[in-house]
Amino acid sequence: MSHLMASGQRIEILFDAETITERNRALARDIKALDPERLLVIAVLKGSFIFAADLVRAMHEIGLAPEVEFMHLSSYRESTVSTGQVEILRDVESDIRGRDVILIDDILESGRTLAFAKDLMVARGAKRVMTCVLLEKPGKRATDIDADLIGFECPDRFVVGYGMDMAHSFRQLPFVGYVVRQDGDDSA
Ligand code: IMP
Ligand code: MG
């Protein structure tokens, strides 16, 4: 299935809104099963903002009441290729010591972003640091981190939508997909 933007660009849909909603409900149940105490959810901005917003509401639906924080990390990237360094653009305000922390990110690719955030929370004295990503791109890992909770396995393509962007566009889309090139081929 595909979606035609007003601009004329076509987006091939990989995970539609309904599928994502169902998966979020299951992830919330998985989080509850971890029996978290003094839970602090940290959304790693920017790409995770819609996923995190939906996931914390799915958590609320089943009786979880996490505190929610934000951390803006930037992995230096030239166009769509990561260069490997991670920078804190905005830090959390909360004291992490003794807390159960769940880091929420959009995509686990090289793993550098999430490994950086996890190491930081461990160094700050978190009791437990769990990681939850909407998408995992297999075969791309440059660190030995694995996410504890994964929404979906993602094909090896540059994806957009549901918070994720290509040059700040497409974040508003309620689904995840990839841009199809005008000549009918796609932007793998
Ligand atoms: P990692 O540090 O290599 O794991 O990079 C993960 C980050 O790169 C994600 O949080 C995204 O912000 C970004 N990223 C990686 N692949 C894509 C993609 O296909 N679309 C949009 N952003 C991506
Ligand atoms: Mg990101």
Side-chain angles (χ1 to χ4, degrees), residues 1-3 5 7 9-17 19-20 23-24 27 41-56 68-92 101-123 129-181 185-188:
M1 245 219 318
S2 69
H3 173 85
M5 305 287 296
S7 59
Q9 287 164 299
R10 188 173 289 282
I11 312 287
E12 185 64 28
I13 299 175
L14 289 168
F15 306 107
D16 65 25
T19 305
I20 295 171
R23 191 71 192 110
N24 286 344
L27 288 172
V41 166
I42 302 177
V44 179
L45 299 175
K46 301 176 212 168
S48 72
F49 82 108
I50 291 181
F51 176 44
D54 283 348
L55 188 58
V56 294
V68 182
E69 269 265 29
F70 304 91
M71 173 171 238
H72 188 183
L73 297 180
S74 171
S75 44
Y76 288 105
R77 45 178 58 240
E78 278 162 19
S79 70
T80 58
V81 180
S82 176
T83 58
Q85 282 163 305
V86 180
E87 188 186 15
I88 302 175
L89 299 179
R90 181 200 181 277
D91 207 341
V92 296
V101 173
I102 296 188
L103 293 165
I104 300 192
D105 207 351
D106 53 356
I107 302 189
L108 179 60
E109 193 172 14
S110 76
R112 288 190 193 98
T113 311
L114 214 53
F116 176 88
K118 186 170 180 173
D119 289 350
L120 192 63
M121 295 307 146
V122 169
V129 184
M130 296 158 280
T131 53
C132 176
V133 296
L134 176 68
L135 303 174
E136 178 190 44
K137 285 188 182 173
K140 292 264 175 173
R141 214 72 77 248
T143 59
D144 61 6
I145 192 166
D146 275 317
D148 298 298
L149 299 162
I150 296 165
F152 305 96
E153 288 241 318
C154 183
D156 187 13
R157 296 179 171 282
F158 194 83
V159 294
V160 297
Y162 201 64
M164 295 174 286
D165 72 309
M166 187 181 272
H168 307 294
S169 288
F170 307 112
R171 292 192 200 271
Q172 78 282 7
L173 299 175
F175 47 79
V176 174
Y178 58 89
V179 182
V180 179
R181 284 212 318 249
D185 200 355
D186 55 63
S187 66

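If you're wondering where the values come from, they're calculated on a predicted model, not measured in any experiment. For reference, positions follow the sequence shown, starting with 1. Atoms within a ligand are numbered from 1 in the order they appear, just like the ligands themselves.
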Enumerate donor-acceptor pairs with a distance under 3.5 Å from any side-chain N or O in residues 143-154 to protein atoms, sequence neighbours excluded.
from : atom 1 : to   : atom 2 : distance (Å)
T143 : OG1    : S110 : O      : 3.4
D148 : OD2    : T131 : N      : 2.9
D148 : OD2    : T131 : OG1    : 3.3

So for ligand 1, is M164 a polar contact partner (N or O within less than 3.5 Å, distance only)? no

Sequence neighbours excluded, which residues qualify as side chain to side chain donor-acceptor pair (under 3.5 Å) partners of D16? T19

Region of T113 engaging ligand 1 - heavy atom pairs below 4.0 Å: both

If you apply the rule side-chain contact (heavy atoms from CB on, under 4.5 Å), what do you find for Q172 with I50, and how did you get there? CA-CA 9 Å; Q172 78 282 7; I50 291 181; over 6 Å; no

Please work out whether any backbone atom (N, CA, C, O) or any side-chain heavy atom from C-beta onward of M166 is under 4.0 Å from ligand 1, and answer side chain, backbone, both or neither. neither

Counting only nitrogen or oxygen atoms and a 3.5 angstrom limit, does L108 reach ligand 1? no

I'd like to know whether ligand 1 has K140 as a neighbour, heavy-atom separation below 4.0 Å. no

Which atoms form the tightest heavy-atom contact between R112 and A142, and what is the distance? NH2-CB, 3.6 Å

D105 contact mode with ligand 1 (heavy-atom cut-off under 4.0 Å): side chain

Out of F158, Y178, F170, indicate the one that has the non-hydrogen atom closest to atom 22 (N) of ligand 1. F158

Would you say F49 and R171 make side-chain contact, with heavy atoms under 4.5 Å? yes

Nearest heavy atom to atom 6 (C) of ligand 1, choosing from V159, T143, I107, belongs to I107

For R157, take its heavy atoms, then give the atoms of ligand 1 lying under 4.0 Å from any of them. 19 (O)

Can you name the atoms of ligand 1, numbered from 1 with element, that are less than 4.0 Å from a heavy atom of S110? 1 (P), 2 (O), 3 (O), 4 (O)

Quick check: D165 and ligand 1, any N/O pair under 3.5 Å apart? no

Could you walk me through whether F15 and V159 pass the side-chain contact (heavy atoms from CB on, under 4.5 Å) test, one step at a time? CA-CA 10 Å; F15 306 107; V159 294; over 6 Å; no

Which of the ligand 1 atoms, numbered from 1, are nearer than 4.0 Å to a heavy atom of R112: 2 (O), 4 (O)

